[in-house]
Number of protein chains: 2
Amino acid sequence: MSPPRSARRSIGRPPQASALDARQQLLDAALTLFAERGAAGTTIAGIAARAGVTPAMVHYYFSNRDRLLDAMAQERLREIVTGVWSPVVETNEVVPMLRGLVQRILTATEVHPWLPSLWLREVVSEGGQLRERLMRILPLESVRHLIGAVASAQRRGEVSPRLEPRLVLLSVLGLTFLPLATISLWRALPLLQGVEREDVARHAEALLVSAFSKPARWRAKPT
Amino acid sequence: MSPPRSARRSIGRPPQASALDARQQLLDAALTLFAERGAAGTTIAGIAARAGVTPAMVHYYFSNRDRLLDAMAQERLREIVTGVWSPVVETNEVVPMLRGLVQRILTATEVHPWLPSLWLREVVSEGGQLRERLMRILPLESVRHLIGAVASAQRRGEVSPRLEPRLVLLSVLGLTFLPLATISLWRALPLLQGVEREDVARHAEALLVSAFSKPARWRAKPT
């Protein structure tokens with residue numbers, strides 16, 4: 001079976017290139033729609049329409065919904081997640097590690113505006129359709145490195161022993177992805193109006209840097 | 001119209017009491033199912049079945065789905081949200097304020113195990129069916145007090161000026177509700193196994209206390 005005519009989107013360009021385009025456009029459309037409406041609310045027909053191709057094209061490139069979800073995770077999310085996490089191993093110092101994570105997360109969400117909402121809907125929410133797939137592409141080496149760096153800082157007495165190294169990953173996500181994914185909701189409150197993406201990044205970085213910089217405040221902390 | 005017979009659940013108790021029971025049981029069932037399956041995946045019939053009554057009973061007590069959602073917000077969530085937030089105004093010091101918030105959130109999620117998942121599904125997620133209703137019952141006075149206390153601490157040079165007072169509310173939620181709602185997901189990672197609710201509370205409290213205690217680390221922070 002050769003690519004449907006509708007795959008040839010730009011006259012004059014080799015089918016190879018335009019077929020590649022169509023496949024990429026379908027992945028873009030799927031990621032955007034999953035973020036906007038959720039996977040459950042997104043049909044193959046809707047993805048095709050958003051990409052400006054026929055539903056047959058979706059089946060041609062991904063054969064079924066599971067293969068499409070696999071491609072979203074393997075061909076798109078893996079690269080983003082790796083880009084955000086892998087540099088973590090370049091330092092053993094917790095503060096630059098966390099600062100880098102926050103900055104790379106903000107950059108990733110600038111390049112891929114659908115990312116925070118997709119994360120909220122399809123990864124952390126019960127029944128999220130990208131949940132297991134994302135867990136499989138998490139760079140565990142980097143997560144282990146972060147956990148180890150925090151534990152070492154605790155042993156050196158630089159960081160509060162009341163902090164839980166295994167929860168630092170979740171803290172970074174909760175201070176970046178959560179507000180970025182829900183910023184429009186909170187802007188509805190007059191009290192929180194005018195909060196921008198840059199404020200989220202600056203705040204998350206300042207909060208983490210303050211908490212993980214020595215001298216650890218816990219020395220002065222009453223119990 | 002008098003309460004359907006099925007409302008009289010416990011023989012010997014006055015109809016008044018049992019009718020009240022049935023109404024409360026329906027609210028409990030609805031909140032639990034919304035947390036487990038999401039509002040979109042929960043039918044009136046399913047709520048009735050979970051509460052052990054007939055669907056007619058749901059219509060009898062709440063007339064329609066919107067009234068049921070109103071009752072969930074007004075008769076259940078309002079009390080929980082107020083209990084968590086209103087004590088905030090009892091102090092002007094940020095650290096005890098944040099410590100109290102984390103502790104009350106943990107207690108609320110112990111008493112109401114469905115709370116974190118309901119928050120994630122129906123409040124912060126796009127299209128969440130309790131979203132607007134929850135925004136309406138947020139105790140804005142307490143939120144304003146928290147924002148003001150952080151801003152004052154910044155003016156006194158006790159807290160990093162890079163922190164965003166309007167985002168502290170979201171930070172508290174991101175460090176408590178998010179991990180509590182997703183703890184089962186993360187436990188699937190061997191690296192994060194064994195993390196308990198108490199760890200989440202201790203970690204969130206330690207992180208916030210460290211970040212909002214003076215002397216603020218930002219003085220030493222390189223840029």
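In what follows, chains carry the letters A, B, and so on, assigned in the order in which the sequence lines appear, proteins first and then strands, with residues in each chain numbered from 1. For clarity, every value in this text was computed on a predicted model and none was experimentally measured. Excluded from the calculations below are hydrogen atoms, water molecules and symmetry mates; all remaining heavy atoms, backbone and side chain alike, are included.
In this structure, CG on B:Leu178 lies 11.5 Å from CZ on A:Phe177, to the nearest 0.5 angstrom. Between atom CG of residue B:Leu163 and atom OG of residue A:Ser210 there is a gap of 5.5 Å, rounded to the nearest 0.5 Å. In this structure, CZ in A:Arg202 is found 5.5 Å from CD in B:Glu164, a value given to the nearest 0.5 Å.
Two residues are said to be in side-chain contact when any heavy atoms from C-beta on lie closer than 4.5 Å; B:Trp186 and A:Leu167 fail this criterion. Side-chain contact between B:Ile147 and A:Leu192 is present, with heavy atoms from C-beta onward closer than 4.5 Å. Counting heavy atoms from C-beta outward, A:Arg166 and B:Asp199 have side chains that approach closer than 4.5 Å.
Proximity to chain A (any heavy atom under 4.5 Å) is restricted, for B:Ser184, to the side chain, taken from C-beta onward. Only the side chain of B:Leu175 comes within contact range of chain A, with at least one heavy atom under 4.5 Å from a heavy atom of that chain. Using a 4.5 Å cut-off between heavy atoms, B:Arg121 touches chain A through its side chain atoms alone. Heavy atoms of B:Arg37 lying under 4.5 Å from chain A are absent altogether. Residue contact with chain A, scored on non-hydrogen atoms closer than 4.5 Å, is absent for B:Glu132.
Interface summary for chain B: among A:Leu185, A:Val200, A:Leu208, A:Leu169, the most heavy-atom pairs under 4.5 angstrom belong to A:Leu185. Most heavy-atom pairs under 4.5 Å with chain A: of the set B:Pro165, B:Ala181, B:Gly194, this distinction falls to B:Gly194. Ranked by heavy-atom pairs shorter than 4.5 Å toward chain A, the options B:Ala188, B:Ser117, B:Ala35, B:Ser171 are led by B:Ser171. In terms of heavy-atom pairs under 4.5 Å with chain B, the best-connected choice from A:Leu191, A:Leu138, A:Val95, A:Thr182 is A:Leu191.
Heavy-atom proximity under 4.5 angstrom to chain A picks out nothing from residues 69-79 of chain B.
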Below 3.5 Å, can you tabulate the donor-acceptor pairs from side chains in residues 123-130 of chain B to any protein atom, sequence neighbours excluded?
| residue | atom | partner | partner atom | Å |
| --- | --- | --- | --- | --- |
| B:Ser125 | OG | B:Leu120 | O | 2.6 |

